[in-house]
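Following: one structure in C-alpha cells, then a few remarks.
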Amino acid sequence: MLSYRHAFHAGNHADVLKHLTLALITKAYCRKEKPFTYFDAQAAAALYSLDDSRALQTGEAESGICALLKQVQSGGAAQAVLDSADKALFEKDEAAAKEAAETFAEYLEFCRNLQASAGLYAGSPAVVCNFARAQDQLVLMELHPSEIEILKANVELIKKGALGKADVCSIHVHHRDGFAGLKAMLPPKQPLPARGFTLLDPSYEIDKDYSDVEDAVKFAARSWHNSAIAVWYPLVERRREKTLHLKEACLATEQEVLCAELFVAEPENEHGLYGSGMIVVNPPWKLDIQLETLLPFLAKNLGGADASFSLNVEV
Ligand code: SAM
C-alpha cells in the first residue's frame, strides 16, 4: 500500500526540522576531508514545486519554509537565530552556536535561491547534495513506482546544475524497498566511502513502518560502526505508544541518542500532526548544541503561540 505522496507536504514545518538537521549532519561530516556515503532509505522526489496543485491544496509550505523565507531577511538569518537563542549557550559553546546559525543562514539562502531560480523546494537528497562535496556519494532508495521516475528525472536535473552548484557528488538511485536495501548495502562496500550516515523517513502510513524503522536502526547500529542514523517521525496522538517504542528501540542500541522535537500546536484530536521529531543515533560532535541554538527560533517562527520544543541526549 503506497498512497503517500510527499508533494502534498513538502516544505512544511516537519520538513524544515528534518532538512535543517540533515544540513547540520552533512556539514559535520564535511569537517573531515575523507569522503562520506549517505543512504536515504525513503528518498521521495528530491525536488518539489510549491506551486504544484498538491502543495497548494494543503498549503503546508506556507506555514513552513515560505513563512521562514518571508520573516527572515536575506543576510539577517544568522543574527536572527542568535538573537532568539538562550544566551547561556554562548558561554557553553559560542563557536558551535555560531556554526549552527551560519548553517541555518546557508540553508535558508539555498532555499531562497532554489525557489527564486526554479520555483522549487529541496527534499532530503537535494539538501544533502547541496552541502556535500564532489568526493561524497549519495545512495537513494524509493519504492513508489511513479515517485521513483520523478526522482530519477530530478537527479538528472541536479547533475546538470539545478542546485546552482557545479561539483555535484555521485548519486545512485535504486527502485527498491529502502529497509531491504539497507540490509543489503550496509556497511557500504568499496567504491562507496566507508564513513557516513543514513536517513530513515517512511510515510508512517502503516504500523509496520514503525517496526521496520526499529529493525533498520538496530541493524545499522550493529553493522555500520560509528555511522550516524537519523530518523524522522510524526507527532500524532494516536501513535503515541508507537513513538515511545521507537525511541526505546533507538536507546537500546546503547549508542548516544539525540532526540529533538518541535511542537507547532497543541494536540487537538487523535489524528492531527501537532509536530515532529528527529532522532539521531550516534550524532556528530556538537549537534546537540547546534540544535539547542536553532530550536527556539524554529518554534517561534513555525508554530503558533503554543509552539515549543524539546531536546534530549542520552548516552
Ligand atoms: N525523505 C524525503 C524528504 O525528506 O524529502 C521524504 C520521504 S517521504 C516522507 C516517504 C517516501 O518513502 C515516499 O515517497 C514513499 O513512497 C517512500 N516509501 C515508503 N515506504 C518505502 C520503503 N519501504 N522503501 C522505500 N521507499 C518507501
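All values below come from the heavy atoms of this structure, side chains included, with hydrogens, waters and symmetry mates left out. Atoms within each ligand, like the ligands themselves, are counted from 1 in listed order. Because the structure is a prediction, the values reported are computed rather than measured.
For the pair Tyr4 and ligand 1, the shortest N or O to N or O distance does not fall below 3.5 Å. Considering both main-chain and side-chain atoms, Gln42 comes within under 3.5 Å of ligand 1 through a nitrogen or oxygen pair. Taking any N or O of Lys18, backbone or side chain, at least one lies under 3.5 Å from an N or O belonging to ligand 1. At least one N/O-N/O distance between Gly178 and ligand 1 falls below 3.5 Å. Between Leu143 and ligand 1, a contact under 3.5 Å exists for at least one N or O pair. Residue Asp201 has at least one N or O atom closer than 3.5 Å to an N or O atom of ligand 1. Close N/O approach between His19 and ligand 1 is found [any backbone or side-chain N/O within under 3.5 Å].
The local environment of CD in Gln135 is crowded, with over 12 non-hydrogen atoms from other residues, nucleotides or ligands closer than 6.0 Å. In this structure, Lys152 places its NZ atom where more than 12 heavy-atom neighbours from other residues, nucleotides or ligands lie under 6.0 Å away. Within 6.0 Å of CG on Asn226 lie no more than 12 heavy atoms contributed by other residues, nucleotides or ligands. The number of heavy-atom neighbours closer than 6.0 Å to CZ of Arg31, taken from other residues, nucleotides and ligands shown, is above 12. The neighbour count for Lys159 NZ, taken as heavy atoms of other residues, nucleotides or ligands under 6.0 Å away, is above 12. In this structure, Gln73 places its CD atom where only 12 or fewer heavy-atom neighbours from other residues, nucleotides or ligands lie under 6.0 Å away.
Contacts between Arg176 and ligand 1 below 4.0 angstrom, taking non-hydrogen atoms only, involve the backbone exclusively. Contact annotation for Ala46 and ligand 1: no heavy atom of the residue comes within less than 4.0 Å of the ligand. Here Trp232 has no heavy atoms under 4.0 Å from ligand 1, in either its backbone or its side chain. Under 4.0 angstrom from ligand 1, there are no non-hydrogen atoms of Ala45. Counting heavy atoms closer than 4.0 Å to ligand 1, residue Arg5 contributes nothing at all.
In terms of protein heavy atoms, atom 20 (N) of ligand 1 is closest to Leu2 CD2, 4.0 Å. Nearest protein neighbour of atom 3 (C) of ligand 1, counting heavy atoms only, is Ser124 OG, 3.1 Å.
Under the ring-ring contact (aromatic ring centres under 6.0 Å, His included) test applied with Trp224, the options Phe219, Phe36, Phe197, Phe39 reduce to a single match, Phe39. Among Trp232, Tyr121, Tyr107, the one residue that satisfies the ring-ring contact (aromatic ring centres under 6.0 Å, His included) test with His19 is Tyr121.
Atom CZ of residue Phe263 and atom OG of residue Ser310 lie 4.0 Å apart, to the nearest 0.5 angstrom.
Judged by the shortest distance from any of its heavy atoms, Gly181 lies outside the 4.0 Å radius around the atoms of ligand 1.
Both Phe309 and Val313 are assigned to one and the same hydrophobic cluster, defined by single-linkage of ILVMFWY side chains at heavy-atom distances under 4.5 Å.
Distances below 4.0 Å separate heavy atoms of His144 from the following atoms of ligand 1: 16 (O). Atoms of ligand 1 lying under 4.0 Å from any heavy atom of Asp177, numbered from 1 in the order shown and given with element: 23 (N), 24 (N). Near Ala41, the atoms of ligand 1 lying under 4.0 angstrom from a non-hydrogen atom of the residue are 24 (N), 25 (C), 26 (N). Within the listing of ligand 1, atoms 23 (N) sit less than 4.0 angstrom from a heavy atom of Phe179. Interface of Gly123 with ligand 1, defined as ligand atoms under 4.0 Å from a residue heavy atom, comprises 5 (O).
Note on ring orientation: taking the six-membered ring where Trp is involved, the planes of Phe104 and Phe297 are perpendicular (angle over 60°, cut-offs 30° and 60°).
Residues His245 and Tyr210 place their aromatic rings such that the two centres sit no closer than 6.0 Å.
Electrostatic pairing of Asp207 and Arg239 counts as a salt bridge here, judged by a charged N lying under 4.0 Å from a carboxylate O.
Comparing heavy-atom distances from atom 16 (O) of ligand 1 across His175, Glu142, Lys208 singles out Glu142 as nearest.
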